[in-house]
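What follows is a set of notes on a single structure, which appears directly below.
Numbering of ligands and ligand atoms starts at 1, following listing order. The structure displayed is predicted, hence computed values, not measured ones. Note that these values count all heavy atoms, side chains included, but never hydrogens, waters or copies made by symmetry.
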Amino acid sequence: MRLRNVQGAREAMIESEYTVNEPVEMKGKWNELFHNCNPIHLEIGTGKGKFLIELATANPDINYIGIEKYSSVLIRALQKQEECKLPNLIFIRMEAEQIEDIFAKDEISKIYLNFSDPWPKDRHAKRRLTSRQFFARYNNILAKEGSVEFKTDNRALFDFSLDEIKEAAWNVDAVTYDLHNSPMSEGNIMTEYEIRFSEMGNPINKLIASR
Ligand code: SAM
């Protein structure tokens, strides 16, 4: 997914009206940016943005923020948004470990994690976006009734995530090991990776977790 050295990506990001360059200053004030009190949903590791563009188009009464660590990838999402000009969607280039510096307690109503990097080495487990360390961060920004939705074709990462949810004392509200052949597929929006992996014949796992 990482596209190295996309010419001018960082500069284009800084200039775009659909990114926030100093997100720390918006902590606790994100609704002011959207000029409404609608719930805010976050996708972490948004990649090229297909998922959020489609969600934001379908749900104008929800505000969406996509977080992605590489400008060389995020530029593709921004290019789509510059065409669509959705008022309820912005992107931030940042490392997800810093989300508590950016969002206040209860500020986020839902978190999407789609095809997150697996970090297969045990010593890197805490970097996985479904590790107990990340659930502790989500605990600090997610509203009381909020939830985390996670999709992946990686069964080892999925099983790890189910264990970590238990370890973090969260609840698994719904789970499937074959999303596209399950009732949970209703209204499903495919991500770029989801299209690629399901075309290869990989079943897609999905869980929804809450406290
Ligand atoms: N969600 C997209 C999809 O399903 O098509 C992209 C999946 S891709 C495998 C994972 C993306 O998450 C990459 O673009 C990567 O740069 C981003 N990412 C991984 N770890 C991240 C982190 N800690 N903070 C921000 N972005 C991250």
Cation-pi check, R211 onto W170 ring (under 6.0 Å, within 45° of axis) =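 That pair qualifies as a cation-pi contact.
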
Winner among I195, D117, T191 once heavy atoms are compared against atom 3 (C) of ligand 1 = T191

Among K50, R76, E68, closest by any non-hydrogen atom to atom 17 (C) of ligand 1 =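 Heavy atom nearest to atom 17 (C) of ligand 1 belongs to E68.
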
Looking at L142 and D106, what are the two nearest heavy atoms and their distance?
-> O-OD1, 3.5 Å

Work out whether the distance between some heavy atom of M94 and some atom of ligand 1 is less than 4.0 Å.
->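 A heavy atom of M94 does come that close to ligand 1.
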
Does E43 have a non-hydrogen atom less than 4.0 Å from ligand 1?
->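 So E43 counts as touching ligand 1.
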
Contact partition for K48 relative to ligand 1, non-hydrogen atoms under 4.0 Å =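 Near ligand 1, K48 shows nothing, with every heavy atom at 4.0 Å or more.
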
Heavy-atom contacts under 4.0 Å between Y193 and ligand 1: side chain, backbone, both, or neither?
-> both

What atoms of ligand 1 come closer than 4.0 angstrom to any heavy atom of N114?
-> 1 (N), 2 (C), 4 (O), 7 (C)

Ligand-residue contact atoms, ligand 1 with A96, heavy atoms, under 4.0 Å | 22 (C), 23 (N), 24 (N), 25 (C)

Measure from the side-chain N and O atoms of R128 to the backbone N and O of P118, and report whether any donor-acceptor pair falls under 3.5 Å.
-> yes

Look only at the side chain of T46 and the backbone of G66, and say whether a donor-acceptor pair between them is shorter than 3.5 Å.
->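 Not a single qualifying donor-acceptor pair exists.
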
Above 12 or not: heavy atoms from other molecules or residues under 6.0 Å from NZ of K85?
->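 Correct, the count exceeds 12.
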
Are more than 12 heavy atoms from other residues, nucleotides or ligands located less than 6.0 Å from atom NZ of K27?
->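 Atom NZ in K27 is crowded, with more than 12 foreign heavy atoms closer than 6.0 Å.
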
If we only count heavy atoms from C-beta on, is the Q81 to L86 side-chain gap below 4.5 Å?
-> yes

Do Y70 and ligand 1 have an N or O pair less than 3.5 Å apart?
-> no

Output yes when the distance from some N or O of ligand 1 to some N or O of F134 is under 3.5 Å, and no in every other case.
->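 So ligand 1 has no N or O lying under 3.5 Å from an N or O of F134.
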
